[in-house]
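What follows is a set of notes on a single structure, which appears directly below.
Here, residue 1 is the first one in the sequence, and each next residue gets the next number.
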Amino acid sequence: MRQSSLVVVANRLPLDDSAAPDGACEWRRSPGGLASALHAILQQTPATWVGWGGGIGAAPALPDIGSLRLRPVALSEKEVRGYYEGFANSTLWPLYHDAVEQPVFDRGWWETYRDTNRRFAEAAAEVVEPGGAVWVQDYHLQLVPDLLRELRPDVLIGFFLHVPFPPPELFMQLPRRSELLRGMLGADLVGFQRPQAAHNVAQLAVKLLGAQVTANDQITLDGRTVRTGAFPVSIDVAEMQALAARPDVRDHAQQLRADLGRPRRVLLSVDRLDYTKGIEHRLTAYSELLRDGRVKVRDTVMVQVAVPSRERVDSYRVLRDRIEGEVGRINGEYGRVGETAIHYLNQPFDRADLAALYQTADVMVVTPLRDGMNLVAKEYVAARADASGALVLSEFAGAAAEFEDAFLVNPHDVDGLKDTLLLAMEADPANLARRMAAMRDHLTRHDIVAWARAYLTALDGTGRVAAGLRR
């Protein structure tokens, strides 16, 4: 087994579900998401990625993707149900998103989650070279840092949580709260999207584990110091800009507008189909704007892309049915022959198609009820080379801390959401250009490489691990 100085451990391998025509592996890219975030830095940086391939049973041998080696972890049907669909996505996910959906606590799921985390840790221990670095990603693998430290005390261990970390009052509901917290604090550096998350963890470390904490939320536990900090994740800005500039993508954007009937205004939302994304609140607001006559179908159209997600989890199937029913109701009540109020697309899109959609949209509506960051908002800003367009952004997305020039909104306040949508649709073009230019300037200086370099430099303190990252 070949070893690497940098090992990324994540729930999923960054693979498409099908191989390319020549048999080569390709990156699995969803709107936003972990694979999209890390694509730019790991395509050209020698590393090994440990993760699940997405299937049930034995994992096949996989070829490299450029300089990236793949180490698959096989999951059984029981592990998929207990570790992934169960504890990760029916317990932790809703709790970490402010219990938007009621979390389910199941003792059997915990045992499967713990055992599966151990297998991920063992796989990482096999492939990291002596003195190397292991970068563990997200809530699926919250026990891996401490398990890995038992196996390989010689390596640097980083953990990054892409989703929000809840306030202590919510985290305290977890039956296995101390084990989860200790698992994460097995890392040398624990990174979050926002500073408040680090503060929440520090409070819990004192309360649950008897740790000592400094003023800047550094934690001393069992005689070892764990550093914490905020490292807001970003996107490959150059890639999205290059896609948006391609003639075929620009032609596609023009064709999309023609296919939509050349409306005066196009509103766009691109989400995974998830109850945290605020899709139903958004549909309610738009429906009421149509009902009140403040928006007319003849000159405004909404496009809602809802990429399929966790389709075997009951709550997601129920959500899909509710959303499809509501879209049907709105179109039946307010649409006309040749004039659809909402175009609903429950399907994945490739990167070029997304870039075309971003250029078609006059108003990008990103209104999650809770989100660690939301990279779709950043992709939209990167795609708007002419500094046109408006971004309506939830206050509860991590991106709101960086995009103060967006039209910020509380998505729980339907009346406020309606007013903000109208404000964005009717804004003066010069005002929109000023806002977009400011957001683009910030994004260019804080791209995905800057994020990875900041985190990995903080991890080892020397910049050695980050030295191979391309600029």
Side-chain angles (χ1 to χ4, degrees), residues 28-37 39 162 233-237 239-241 243-244 249 252-253 255-257 259-260 263 265-283 285-286 300-311 316 319-320 323-324 326-327 340-384 388-394 396-400 403 406-407 409 411 417 421 424-425 436 439 443:
R28 178 174 59 87
R29 309 287 301 281
S30 60
L34 176 60
S36 292
H39 175 263
H162 292 261
V233 73
S234 193
I235 65 167
D236 186 348
V237 176
E239 180 224 24
M240 182 52 68
Q241 289 176 336
L243 271 176
V249 171
H252 187 197
Q255 185 59 51
L256 282 171
R257 198 165 194 103
D259 292 343
L260 292 170
R265 298 173 297 206
V266 175
L267 279 64
L268 171 67
S269 291
V270 177
D271 308 278
R272 281 190 311 101
L273 185 59
D274 192 286
Y275 49 77
T276 66
K277 299 301 182 181
I279 299 173
E280 292 177 286
H281 297 65
R282 192 182 306 147
L283 292 177
Y286 193 66
T300 303
V301 66
M302 183 176 191
V303 178
Q304 172 66 65
V305 175
V307 177
S309 176
R310 300 168 190 159
E311 295 175 276
Y316 286 77
L319 174 68
R320 181 192 63 202
I323 289 174
E324 290 177 355
E326 181 63 5
V327 169
T340 302
I342 298 176
H343 291 259
Y344 175 71
L345 303 166
N346 181 218
Q347 58 193 258
F349 279 76
D350 67 25
R351 306 293 294 168
D353 287 341
L354 280 174
L357 279 169
Y358 293 148
Q359 290 186 85
T360 304
D362 302 291
V363 180
M364 187 78 202
V365 188
V366 182
T367 54
L369 306 179
R370 192 77 166 93
D371 220 338
M373 177 53 62
N374 197 291
L375 298 181
V376 166
K378 293 190 173 185
E379 290 177 348
Y380 177 73
V381 170
R384 305 299 297 199
S388 66
L391 173 62
V392 175
L393 180 61
S394 167
F396 306 116
F403 287 164
F407 291 86
V409 65
L417 178 54
L421 288 173
M425 284 189 277
M436 186 61 70
M439 291 188 288
L443 185 60

Any side-chain heavy-atom pair of [X] and [Y] under 4.5 Å:
X	Y	answer
Leu267	Thr300	yes
Leu391	Phe407	no
Met425	Asp362	no
Arg282	Met302	yes
Met240	Arg351	yes
Pro368	Pro411	no
Gln347	Val307	no
Val392	Val366	no

Does the side-chain contact (heavy atoms from CB on, under 4.5 Å) test come out yes or no for Val266 and Val363, once each step is laid out?
CA-CA 6 Å; Val266 175; Val363 180; over 6 Å; no

Below 30° counts as parallel, above 60° as perpendicular, anything between as tilted: where do the rings of Tyr380 and Tyr358 land?
perpendicular

Where is the tightest heavy-atom contact between [X] and [Y], given as atom of each residue plus distance?
X	Y	result
Leu243	Ala355	CB-CB, 4.0 Å
Leu417	Ala285	CD2-CB, 3.7 Å
Asp353	Asp350	N-OD1, 2.8 Å
Leu393	Ala406	CB-CB, 3.9 Å
Ala352	Val249	O-CG1, 3.9 Å

So, taking the atom named [atom1] in [X] and the one named [atom2] in [Y], what distance separates them when rounded to the nearest 0.5 Å?
X	Y	atom1	atom2	result
Gln304	Leu268	CD	CG	8.0 Å
Leu357	Met364	CG	CE	8.5 Å
Leu273	Ile323	CG	CD1	5.0 Å
Glu324	Leu319	CD	CG	9.5 Å
Tyr344	Ser269	OH	OG	12.0 Å
Phe403	Lys378	CZ	NZ	6.0 Å

Residues two or more places apart in sequence or in another chain: which of them pass side chain to side chain contact (heavy atoms under 4.5 Å, CB included) with Thr276?
Trp93, His97, Asp274

Sole residue of Val270, Asp236, Ile235, Leu443 in side-chain contact (heavy atoms from CB on, under 4.5 Å) with Glu379
Ile235

Ala306 backbone acceptor or donor facing Arg272 side chain under 3.5 Å:
no

Indicate whether the side chain of Thr360 and that of Arg257 have a donor and an acceptor atom separated by less than 3.5 Å.
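No donor-acceptor contact under 3.5 Å links the two side chains.
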
Testing Thr367, Asp271, Asp371 for side-chain hydrogen bond (donor to acceptor under 3.5 Å, both in side chains) with Lys277, which one passes?
Asp371

Applying ring pair (Phe, Tyr, Trp, His ring centres under 6.0 Å), name anything that partners Phe396, two or more places apart in sequence or on another chain.
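Partners of Phe396 by the ring pair (Phe, Tyr, Trp, His ring centres under 6.0 Å) criterion, ordered by chain and then number, come out as His412.
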
